[in-house]
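Report on the following structure.
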Amino acid sequence: MMNWDKLLSLKRFGDVNKRLRKEQDESRLGFEVDYDRIIFSSAFRSLQDKTQVIPLSNTDFVHTRLTHSLEVSVVARTLGRVVGAAILKKHPHLEHNIGYKPNDFGAIVAAAALAHDIGNPPYGHSGEKAIGEFFKNGVGAKYKEALTAKEYQDLISFEGNANGFRILNETKDGVSGGLRLSYATLGAFMKYPKESLPIKPTKHIADKKYGFFQTDKNFFNEVADELGLQHTSSTDDLSFSRHPLTFLVEAADDICYTIIDFEDGINLGLIEEDFALEYLINLVKDSINIDKYKQLSTKQARVAYLRSLSVSTLINEAVSVFLANEEAILKGEFSHSLIDKCAYESQISDIIKISVDKIYQSNEVIEKEIVGYQVLAKLLEVYTTAVNNKAANQLSNYDKLVLQTLPETITSSNGTLYERLLSVAGYIASLSDSKALLLYKKQMGFTY
């Protein structure tokens with residue numbers, strides 16, 4: 001069974017001495033430093049031009065990955081603080097003997113939530129699929145025989161969560177350990193604490209995808225051991241139980257994409273207002289002020305009011321489910337998301353079904369995802385060819401020109417084939433939507 005003493009570790013990469021909570025500067029706690037480091041990182045800034053729902057949208061009120069991540073972090077902070085207060089009341093030694101406060105829980109969950117999409121490629125989830133498709137059925141399939149099964153699986157099921165873990169922790173510009181976040185925050189970030197194989201070994205939500213590439217296996221294991229996460233595999237395959245606070249990060253994300261993507265769909269006219277508002281009202285019928293609602297004169301104001309109430313309702317639900325199942329969560333036995341077990345699961349399911357039909361499968365989204373597939377496939381072909389020809393001392397003049405456009409961290413790599421391919425895939429994933437499109441146009445010979 002996991003215990004909160006270890007789960008709230010302030011340790012960072014490279015630490016020699018133990019960091020004690022009682023010795024923290026109350027004006028800028030270690031967990032709050034995590035948040036600051038993420039928000040000032042270049043990888044986080046690139047999210048301002050990455051798709052959330054509507055790819056390449058020029059509409060000012062539609063969410064990008066950056067605005068989505070900020071909103072998720074706000075919801076997550078509230079979840080963490082409320083849960084933290086209850087946990088400290090139940091386990092008073094954490095506060096009286098060690099010095100933890102409710103805000104510590106909020107800061108950990110907020111920082112992990114802020115970073116939860118930091119590894120996602122351009123063009124939304126279709127970007128992940130496009131990278132995987134290149135290595136599975138595209139030009140990149142030729143590398144299969146030269147890779148181990150797990151290395152190849154990393155590439156054909158390219159995962160934004162694993163890429164995010166890599167971004168947060170990779171040595172860059174001579175700085176070892178990347179952003180050097182606290183292990184508690186890294187633990188809360190680790191949504192799928194397993195490697196890419198085996199695929200979905202159980203129906204536990206933590207086994208749905210994977211959370212680290214083979215290059216990051218040792219450090220992932222170090223973080224998990226420091227936090228006291230439980231090993232869940234009976235074989236040599238690496239997998240762990242989730243950090244309990246990961247459930248709160250996931251809940252914050254679920255709440256935001258369920259309600260706010262729905263709001264975007266209404267404001268875009270993809271979902272009829274009268275039809276949509278019925279579903280939101282079902283979520284807030286116990287808290288809505290009908291007189292106030294009737295006074296709102298615009299669609300956006302009415303939707304915003306219902307969205308605010310819906311988010312508050314689901315925050316309270318997520319907290320209740322977490323606290324009711326705390327012991328099972330600490331034992332690694334709680335196998336569902338918090339929102340899937342809340343009292344409004346059926347209403348949420350209805351909203352998601354409408355969003356899938358009216359938003360995620362709308363012509364605008366599908367057409368622009370097709371563009372994303374073409375863009376990423378072309379860039380992957382050109383860049384993987386160039387770096388591998390360099391490694392084989394078979395550079396063409398075209399390859400030489402291509403390499404001059406890539407970061408030195410990729411062109412100077414003398415690593416294995418897997419490391420080269422992963423570096424290129426990671427670079428592609430780091431691009432914003434518009435940057436990827438611009439590079440594609442240049443590769444295709446367009447000068448405008």
Between Asn169 (side chain only) and Gly178 (backbone N and O only), is there a donor and an acceptor less than 3.5 Å apart? no
If only side-chain N and O atoms count, and only distance matters, is there a donor-acceptor pair under 3.5 Å linking His125 with Glu128? yes
Calculate, to the nearest 0.5 Å, the distance between atoms CD1 and CG belonging to Ile329 and Leu323 respectively. 8.5 Å
Can Ser239 and Thr232 be counted as having a side-chain donor-acceptor contact under 3.5 angstrom? yes
Compute the centroid of each ring, for His91 and then for His96, and state whether the two points are separated by less than 6.0 Å. no
Residue pair Phe220, Phe165: steps toward the ring pair (Phe, Tyr, Trp, His ring centres under 6.0 Å) verdict: CA-CA 9 Å; Phe220 196 98; Phe165 186 80; 5.0 Å; yes
So, using side chain to side chain contact (heavy atoms under 4.5 Å, CB included) as the criterion, who are the partners of Ala85 when residues are at least two apart? Pro102
salt_bridge(Glu23, Arg19) N-O dist < 4.0 Å: no
Taking atom types as modelled, is there a side-chain donor on Ser9 or Glu226 under 3.5 Å from an acceptor on the other? yes
Run the salt bridge (charged side-chain N to carboxylate O under 4.0 Å, His left out) check on Asp104 and Arg21 step by step: do they pass? CA-CA 10 Å; Asp104 293 327; Arg21 174 60 183 87; 2.7 Å; yes
Heavy-atom closest pair (His68 atom, Cys256 atom, distance to 0.1 Å) is CE1-CB, 4.1 Å
Considering only heavy atoms from C-beta outward, does the side chain of Leu330 approach that of Leu7 to under 4.5 Å? yes
Taking only residues at least two apart or on different chains, which pairs with a member in residues 189-207 satisfy side-chain hydrogen bond (donor to acceptor under 3.5 Å, both in side chains)? Lys150-Glu195, Asp154-Ser196, Glu195-Gln214, Glu195-Lys217, Thr202-Asp207
Lys/Arg N to Asp/Glu carboxylate O, Lys129 vs Glu369, below 4.0 Å: no
Separation of Thr185 OG1 from Asp34 CG (nearest 0.5 Å): 3.5 Å
side-chain hydrogen bond (donor to acceptor under 3.5 Å, both in side chains) contacts touching residues 342-359 (sequence neighbours left out): none
Within a strict 4.5 Å, meaning less than it, do heavy atoms of the Val249 and Asp253 side chains meet? no
Does atom NZ (Lys299) have a neighbourhood of more than 12 heavy atoms from anything else shown, all under 6.0 Å? yes
Can you find a pair of side-chain heavy atoms, one from Arg166 and one from Ser423, that are under 4.5 Å apart? yes
Give me each pair satisfying side-chain hydrogen bond (donor to acceptor under 3.5 Å, both in side chains) with a member in residues 272-295, each pair once, sequence neighbours excluded. Glu273-Arg302
Pairs meeting criterion ring-ring contact (aromatic ring centres under 6.0 Å, His included) with involvement of residues 10-41, two or more places apart: Phe13-Phe219
Taking only Lys NZ, Arg NE, NH1 and NH2, and the carboxylate oxygens of Asp or Glu, determine whether Asp117 and Lys50 approach each other closer than 4.0 Å. no
Determine, step by step, whether Thr313 and Ser310 satisfy the side-chain hydrogen bond (donor to acceptor under 3.5 Å, both in side chains) criterion, reporting the C-alpha distance in whole Å, the side-chain angles of both residues, the deciding distance to 0.1 Å, and the verdict. CA-CA 5 Å; Thr313 296; Ser310 298; over 6 Å; no
List the atom of Glu250, the atom of Ile205, and the distance in Å for their closest heavy-atom pair. OE2-CD1, 3.2 Å
Min side-chain heavy-atom separation Asp15-Arg180 under 4.5 Å: yes
Could you check whether any side-chain N or O of Tyr418 sits under 3.5 Å from a backbone N or O of Leu147, counting only pairs where one atom can act as donor and the other as acceptor? no
Residue pair Phe158, Phe213: steps toward the ring pair (Phe, Tyr, Trp, His ring centres under 6.0 Å) verdict: CA-CA 9 Å; Phe158 188 86; Phe213 298 127; 5.6 Å; yes
Quick one: pull up OG in Ser69 and CG in Leu114 and give me the separation to the nearest 0.5 Å. 6.5 Å
When you measure from the side chain of Lys22 to the backbone of Asn97, do you find a donor-acceptor pair of N or O atoms at a distance under 3.5 Å? yes
Do Glu133 and Asn137 have side-chain atoms, one donor and one acceptor, less than 3.5 Å apart? yes
Kindly compute the distance separating CG (Leu431) from OH (Tyr123), expressed to the nearest 0.5 Å. 9.0 Å
Report the distance from atom CZ of Arg307 to atom CD1 of Ile260, rounding to the nearest 0.5 Å. 6.0 Å
Checking the side chain of Ser241 only, and the main-chain atoms of Gln230 only, is there a donor and an acceptor separated by less than 3.5 Å? yes
Counting C-beta onward and ignoring hydrogens, is there a side-chain heavy-atom pair between Phe240 and Met190 closer than 4.5 Å? no
For a ring pair (Phe, Tyr, Trp, His ring centres under 6.0 Å) check, start with the C-alpha distance between Phe334 and Phe247, then their side-chain angles and the critical distance, and finish with the verdict. CA-CA 10 Å; Phe334 187 77; Phe247 285 96; 5.6 Å; yes
Contacts of His231 that satisfy side chain to side chain donor-acceptor pair (under 3.5 Å) - sequence neighbours left out: none
Using a 4.5 Å cut-off on heavy atoms from C-beta on, say whether the side chain of Ile255 contacts that of Ile348. no
I need the Glu263 CD to Ile271 CD1 distance, nearest 0.5 Å. 11.0 Å
Answer yes or no: is there a donor N or O on one side and an acceptor on the other, between the side chain of Asn163 and the main chain of Glu159, under 3.5 Å? no
May I ask you to test the Glu71-Val74 pair for a side-chain heavy-atom distance under 4.5 Å? no
